[in-house]
Visitor: 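Have a look at the structure that comes next, please.
Here, residue 1 is the first one in the sequence, and each next residue gets the next number. Note that these values count all heavy atoms, side chains included, but never hydrogens, waters or copies made by symmetry.
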Amino acid sequence: MKPQLLAAVAAALLASTQMAAAQDATTIVAPEGFTAAESPATQAELMGTVVYSAAGAVIGEVTDIIAGNDPAQNAPTGTLTHVVLDVESVLGDDARYVAVPLEAFVLFRSADEVRLVLTANEEYLRTQPFYEAGNPATLGAVPG
């Protein structure tokens with residue numbers, strides 16, 4: 001009887017852990033008319049792109065793009081690593097810019113547009129340093 005009870009408790013505990021993990025995970029659904037991109041975006045495509053939250057709210061706009069050119073960034077020269085976002089309207093700060101790693105986004109394409117959707121929440125943006133050009137210490141971290 002004890003082995004069966006232990007197995008039942010273990011199964012219930014595993015199921016509740018999996019359910020909690022599933023509730024915490026954000027599933028990004030493609031916006032209407034868009035599909036998940038199969039290839040990375042180019043610098044020209046990203047400049048000026050409006051960035052959205054997983055819920056579809058506007059977060060900001062891409063104002064600059066950072067390409068790897070520093071061994072500390074662990075990226076080959078020329079590889080796009082971060083986009084700089086103007087998030088002033090979302091956070092209510094005057095001219096707040098944050099450099100967010102490309103890994104923090106899901107990229108979608110339509111026939112004539114690319115759309116970046118941030119996988120992190122607004123709190124993530126609040127915790128990122130204000131971006132200062134040329135200062136690698138102000139590059140944002142991957143959400144997690």
Visitor: Hey, is the main chain of Leu102 close enough, under 3.5 Å, to the side chain of His82 for a donor-acceptor pair?
Guide: no

Visitor: With a 3.5 Å distance limit and no angle check, can you tell me whether Thr138 reaches the backbone of Pro129 through a side-chain donor-acceptor pair?
Guide: no

Visitor: Would you confirm whether Glu45, through its side chain, and Thr42, through its main-chain N or O, come within 3.5 Å as a donor-acceptor pair?
Guide: yes

Visitor: Side chain to side chain contact (heavy atoms under 4.5 Å, CB included), that's the test. Do Phe105 and Val83 meet it? Break it down for me.
Guide: CA-CA 10 Å; Phe105 298 97; Val83 293; 3.5 Å; yes

Visitor: If we only count heavy atoms from C-beta on, is the Val100 to Leu125 side-chain gap below 4.5 Å?
Guide: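 In short, these two side chains touch, coming nearer than 4.5 Å.
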
Visitor: Could you report the tightest heavy-atom contact between Ser110 and Gly33, atom names first, then the distance?
Guide: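 Closest approach of Ser110 to Gly33, heavy atoms only: CB-O, 3.3 Å.
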
Visitor: Are the side chains of Val62 and Val51 in touch, meaning some heavy atoms are under 4.5 Å apart?
Guide: yes

Visitor: Might you point out which heavy atoms bring Pro143 and Thr119 nearest each other, and give the distance in Å?
Guide: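 Shortest heavy-atom separation between Pro143 and Thr119 comes out as CG-OG1, 4.5 Å.
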
Visitor: Does the side chain of Tyr97 reach to within under 4.5 Å of the side chain of Asp64, using non-hydrogen atoms?
Guide: no

Visitor: Using atom types as modelled and distance alone, determine if a side-chain donor or acceptor of Arg115 lies under 3.5 Å from a backbone N or O of Val106.
Guide: no

Visitor: Using side-chain heavy atoms (C-beta onward) and a distance below 4.5 Å, is Tyr52 in contact with Leu118?
Guide: no

Visitor: Does the side chain of Ile66 reach to within under 4.5 Å of the side chain of Val84, using non-hydrogen atoms?
Guide: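 Counting from C-beta outward, Ile66 and Val84 do come under 4.5 Å.
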
Visitor: Between Thr63 and Leu85, is there a donor-acceptor pair closer than 3.5 Å when you use the side chain of the first and the backbone of the second?
Guide: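 Judged by distance alone, no pair lies under 3.5 Å.
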
Visitor: Give the minimum heavy-atom separation between Ile28 and Ala54, together with the two atoms involved.
Guide: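 Closest pair (atom of Ile28, atom of Ala54, distance): CD1-CB, 3.3 Å.
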
Visitor: Report yes if some heavy atom in the side chain of Val114 is under 4.5 Å from a heavy atom in the side chain of Leu107; otherwise report no.
Guide: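 Contact flag for Val114/Leu107 side chains = yes.
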
Visitor: Looking at every heavy atom in both Ala99 and Tyr131, which two are closest together, and how far apart are they?
Guide: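 Closest heavy-atom pair between Ala99 and Tyr131: CB-CD1, 3.6 Å.
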
Visitor: Going by the rule side chain to side chain contact (heavy atoms under 4.5 Å, CB included), which residues pair with Asn121 if we only count those two or more places apart in sequence or in a different chain?
Guide: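 Glu123, Tyr124.
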
Visitor: Mind checking whether Met47 and Val87 sit in one hydrophobic cluster, side chains of I, L, V, M, F, W, Y counted as touching below 4.5 Å?
Guide: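 Met47 and Val87: one cluster.
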
Visitor: Using the side-chain contact (heavy atoms from CB on, under 4.5 Å) rule, pick out the option among Val58, Ile59, Val117 that qualifies with Ser53.
Guide: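 Result for side-chain contact (heavy atoms from CB on, under 4.5 Å) with Ser53: Ile59.
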
Visitor: Just checking, Arg109 and Phe34: is the charged tip under 6.0 Å from the six-membered ring centre and within 45° of the axis?
Guide: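 Not flagged: Arg109 not positioned over aromatic ring of Phe34.
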
Visitor: Any chance you could measure Thr49, atom OG1, to Glu61, atom CD, to the nearest 0.5 Å?
Guide: 8.0 Å

Visitor: Give a yes or no answer on whether the side chain of Gln43 reaches the backbone of Ile65 with a donor-acceptor pair at less than 3.5 Å.
Guide: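 Absent.
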
